Amino acid sequence: MSAKKIAIIGGGNLGSAIAQGLLKSGFSKAGDITITKRNTSTLAGLKEAGVRIETDNAVAIRESEVIVVALKPYNVREVLQEFKSSFDPGKHILISVVTGVSIDDLEHVVPGMPVVRAMPNTAIAIQESITCISHKHATEEQVRYIKTMFDQLGATVSIDEKLMDAATVLGACGIAFALRYIRANIQGGIEIGFDVRTASLIAAQTVKGAAELLIRENRHPEEEIDKVTTPKGCTIAGLNEMEHQGFSSSLIKGITASYDKIVKD
Ligand SMILES: NC(=O)C1=CN([C@@H]2O[C@H](COP(=O)(O)OP(=O)(O)OC[C@H]3O[C@@H](n4cnc5c(N)ncnc54)[C@H](OP(=O)(O)O)[C@@H]3O)[C@@H](O)[C@H]2O)C=CC1
Ligand SMILES: O=C(O)[C@@H]1CCC=N1
């Protein structure tokens, strides 16, 4: 698969993370990536790495083949509308990572351009994203290219577009949810005697180990929990107290509140 030039329109948190992942994975050379935003002072690190920094979206689109749109939901239509004449369906592949804006909506703004929606998370910067992908009118070749790209940046899963908001919550927001869980562990760890650095290392590595047990061994969480909960032991005492305080319930409610926020906005 030949290397394509990639433009990232909207070099904010996610756009920058995608650029970092593309560089780290070697999928793209720095000179083949262009990233745009209006205030480019936040892109100094990527500039130093050799990534092309642009304020003019038309230039970035014209000089690239793969266009990743990482704009906010509230201005994506307006910005795409402004640059729609720069798109060439014979040349460009258009990927949107924008939350809550449908393929139909985007294809309506840029007629003739098939749009692929992708929902990665910020771990894409270190090639550890889970990226959910859906498409309607893109060619098989375009979808293959996009999947290959995101495969280099973590794991990918193809989903029906109607699940894209759910994917946003579970995968993209999920990074923040998981980190808040880890932070609470660190706070608890400090209270029972560890310094913050040691508590952070133990908490983060423990979560990584738990996740790897599920991913590598394809286990169900409860099967692994059973191995840790010694009868009359400290694990079940801790777990039950967490559940008395609404642990699982609060996470499930948080996930549904997050989902409702996307769906109702
Ligand atoms: N952050 C995350 O973890 C995830 C975010 N998403 C989605 O990705 C999208 C981006 O999110 P996020 O990166 O967090 O948001 P940010 O606000 O960090 O990034 C958006 C960027 O767009 C730039 N921008 C605004 N107008 C223009 C324009 N006309 N041309 C070029 N760039 C422009 C802004 O920079 P400036 O003002 O300098 O132009 C800003 O840096 C959203 O739709 C979000 O829902 C999806 C999954 C995960
Ligand atoms: O919070 C948000 O709206 C975005 C979407 C997914 C992650 N961040």
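Counting starts at 1 for both ligands and their atoms, following the listed order. These values consider heavy atoms only, across backbone and side chains, with no hydrogens, waters or symmetry-generated copies. Fair warning: this is a prediction, and the values are worked out from it, not measured in the lab. The first residue of the sequence shown is numbered 1, and numbering continues consecutively from there.
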**Message:** Could you list the cluster mates of Leu239? Members are the ILVMFWY residues connected by side-chain heavy atoms closer than 4.5 Å, either directly or through other members.
**Reply:** Ile225
**Message:** At less than 4.0 angstrom from any atom of ligand 1, which residues have a non-hydrogen atom? List them by chain and residue number.
**Reply:** Gly10, Gly11, Gly12, Asn13, Leu14, Thr36, Lys37, Arg38, Asn39, Asn57, Ala70, Leu71, Lys72, Pro73, Asn75, Val79, Val97, Val98, Thr99, Met119, Pro120, Thr122, Ala172
**Distance-only donor-acceptor check, side chains Thr42 and Lys37, under 3.5 Å** = yes
**Complete:** The atoms of ligand 2 lying under 4.0 Å from a heavy atom of Thr99, numbered in the order shown, are 5 (C)
**Asked** Got a sec, which hydrophobics cluster with Val76, joining ILVMFWY side chains under 4.5 Å apart, including via others?
**Response** Ile9, Ile61, Ile67, Val69, Leu71, Val79, Leu80, Phe83, Phe87, Leu94, Val98, Val101, Ile103, Leu106, Val109, Val110, Met113, Val115
**Message:** Treating His92 as the side-chain partner and Asp88 as the backbone partner, does any N or O pair qualify as donor plus acceptor under 3.5 Å?
**Reply:** yes
**Asked** For atom 7 (C) of ligand 2, which protein heavy atom lies nearest, and how many Å away is it?
**Response** Ala172 CB, 4.0 Å
**Message:** Does Glu191 have more than 12 heavy atoms from other residues, nucleotides or ligands lying within 6.0 Å of its CD?
**Reply:** no
**Item:** Heavy-atom pair with the smallest gap, counting every atom of Cys132 and Ala167
**Value:** SG-CB, 3.6 Å
**Prompt:** Which heavy atom of the protein is the closest neighbour of atom 1 (O) of ligand 2, given with residue, atom name and distance?
**Reply:** Cys173 SG, 4.9 Å
**Message:** Can you name the atoms of ligand 2, numbered from 1 with element, that are less than 4.0 Å from a heavy atom of Thr168?
**Reply:** 5 (C), 6 (C)
**Prompt:** With a cutoff of under 4.5 Å between side-chain heavy atoms, which Ile, Leu, Val, Met, Phe, Trp and Tyr residues group with Ile202?
**Reply:** Phe194
**Prompt:** Does any donor atom in the side chain of Ser248 or Glu243 lie under 3.5 Å from an acceptor atom in the other side chain?
**Reply:** yes
